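Some notes on the structure that comes next.
Counting from 1, the numbers follow the sequence of the chain as shown. Order of appearance sets the numbers: ligands from 1, and atoms from 1 within every ligand. In this text, all values refer to a predicted model and were calculated from it rather than measured experimentally.
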Amino acid sequence: MKKDFLSILDLDSDELEGIIADAMRLKRLKSEGVAHEYLRGKSLGMIFEKPSTRTRVSFEVGMSDLGGHALFLNPQDIQLGRGEEIRDTARVLSRYLDAVMVRAYSHATIEEFARYSTIPIINGLSDRLHPCQVLADIMTLRERFGDLRDLKLAWIGDGNNVCNSWILSTPLTGMEVVVASPPRYRPAAGVVERARAAGGRVTIVTDPAEAVREADVLYTDIWVSMGNEDERAERLQAFQGYTIDSRLLELAVPGAPVMHCLPAHRGEEIADEVLEGPRSIVWDQAENRLHAQKALLVRLIRGEMPSEE
Ligand code: CP
Ligand code: NVA
């Protein structure tokens with residue numbers, strides 16, 4: 001039975017723990033120059049309806065590190081762009097490949113891919129969720145804090161796809177997520193309800209200072225996500241006061257790290273001095289996309305990771 005990764009809640013807490021442990025091991029093997037070709041002969045398709053730097057490069061390099069192969073598929077260059085249906089594309093690709101990663105405007109596109117594929121489908125970002133990002137973020141916090149239970153993460157800004165995945169991760173990690181957003185840009189109510197129903201601790205407020213007080217971790221993302229470009233002017237207006245700057249940082253637990261999934265817009269959601277400052281762990285997050293996704297790929301394509309080194 002194939003397993004997809006469309007949402008962080010497609011994993012239970014044991015599976016999440018296992019993937020993070022595997023990711024840390026893969027990171028070590030890579031840094032020591034030890035071969036770990038656990039996916040030799042395997043192929044990953046990567047369909048990108050939207051641009052990407054981190055997701056594209058980390059999946060492609062990840063497959064190469066694992067001895068496999070990744071194919072970049074621009075929808076405009078394959079028959080999808082000329083109207084071939086998703087369900088037909090999904091069934092055909094299932095006959096060639098071992099997994100497909102899809103980045104799509106609509107989450108429903110990825111769900112449809114998953115429904116008709118007989119191979120694992122990975123959500124590489126949709127309008128609703130970005131579980132691969134949060135997987136790498138959780139790894140980054142595990143490296144820093146060890147035990148994550150009872151840590152408080154303050155999300156400042158848009159209640160977007162990355163925010164939604166953070167909210168959904170709370171039942172798995174035991175962390176608390178406090179979101180400060182302008183009322184119009186709060187995370188999806190259904191996502192918050194789902195997380196709470198599974199035991200997650202999520203609070204929604206309007207005032208960034210309230211969210212940041214006693215926070216162990218701060219997180220932000222761009223105010224104008226891909227697909228929201230038409231709303232740029234009104235969003236820039238609505239998010240005034242939601243910048244993570246040195247003043248806001250002062251209110252958090254001393255030394256609390258600052259996270260951002262990138263790409264960043266300095267001077268909008270994050271001040272240059274914060275992004276470049278000693279509290280920023282954004283480059284570690286970006287690096288860990290590689291290690292976390294390699295561990296995910298091995299799990300989805302092979303099952304368990306081989307224990308021999
Ligand atoms: N954080 C992230 O997913 O970046 P890309 O859009 O560059 O893939
Ligand atoms: N929220 C952003 C994340 C980019 C990685 C977007 O969807 O554009």
Assess whether salt bridge (Lys or Arg N to Asp or Glu O under 4.0 Å) is satisfied between E176 and R149, documenting all intermediate values.
CA-CA 8 Å; E176 178 186 3; R149 266 168 304 168; over 6 Å; no
Please report the C-alpha distance between K2 and D4 in whole Å, then the side-chain angles of each, then the deciding distance to 0.1 Å, and finally whether the salt bridge (Lys or Arg N to Asp or Glu O under 4.0 Å) criterion is met.
CA-CA 7 Å; K2 65 127 172 179; D4 299 315; 2.9 Å; yes
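Between R103 and ligand 2, a contact under 3.5 Å exists for no N or O pair.
Using the six-membered ring where Trp is involved, Y242 and F239 have ring planes that are perpendicular, over 60° apart on the 30 and 60° scheme. Ring orientation note: the planes of W155 and Y219 are close to parallel, at an angle under 30° on the 30°/60° scale.
For L262, the heavy-atom gap to ligand 2 drops under 4.0 angstrom.
Closest to atom 4 (C) of ligand 2 among all protein heavy atoms lies L125 CD1, 3.9 Å. The closest protein non-hydrogen atom to atom 6 (C) of ligand 2 is S225 OG, 3.2 Å. Of the protein's non-hydrogen atoms, M226 N, 2.8 Å is the one closest to atom 8 (O) of ligand 2. Nearest protein neighbour of atom 7 (O) of ligand 2, counting heavy atoms only, is N161 ND2, 2.8 Å.
Contact detail for E37 and D65: the closest heavy-atom pair is CG-O, 4.0 Å. Closest approach of I121 to V102, counting heavy atoms only: CG2-CG2, 4.2 Å.
You'll find the side chain of I281 reaches within 4.5 Å of the side chain of D284, heavy atoms only.
No side-chain donor-acceptor contact under 3.5 Å links W223 and N160.
Contacts between D127 and ligand 2 below 4.0 angstrom, taking non-hydrogen atoms only, are absent altogether.
Taking a cutoff of 4.0 Å between a charged side-chain nitrogen and a carboxylate oxygen, D22 and R299 qualify as a salt bridge.
Residue-ligand proximity, N160 to ligand 2, at heavy-atom distances under 4.0 Å covers atoms 1 (N).
Distances from atom 1 (N) of ligand 2 to the heavy atoms of I222, D158, D221 put D221 nearest.
Protein residues with a heavy atom closer than 4.0 Å to ligand 1 are S52, T53, R54, T55, R103, H130, Q133, C261, L262, R289, listed by chain and number.
R201 pairs by the side chain to side chain donor-acceptor pair (under 3.5 Å) definition with D150, not counting sequence neighbours.
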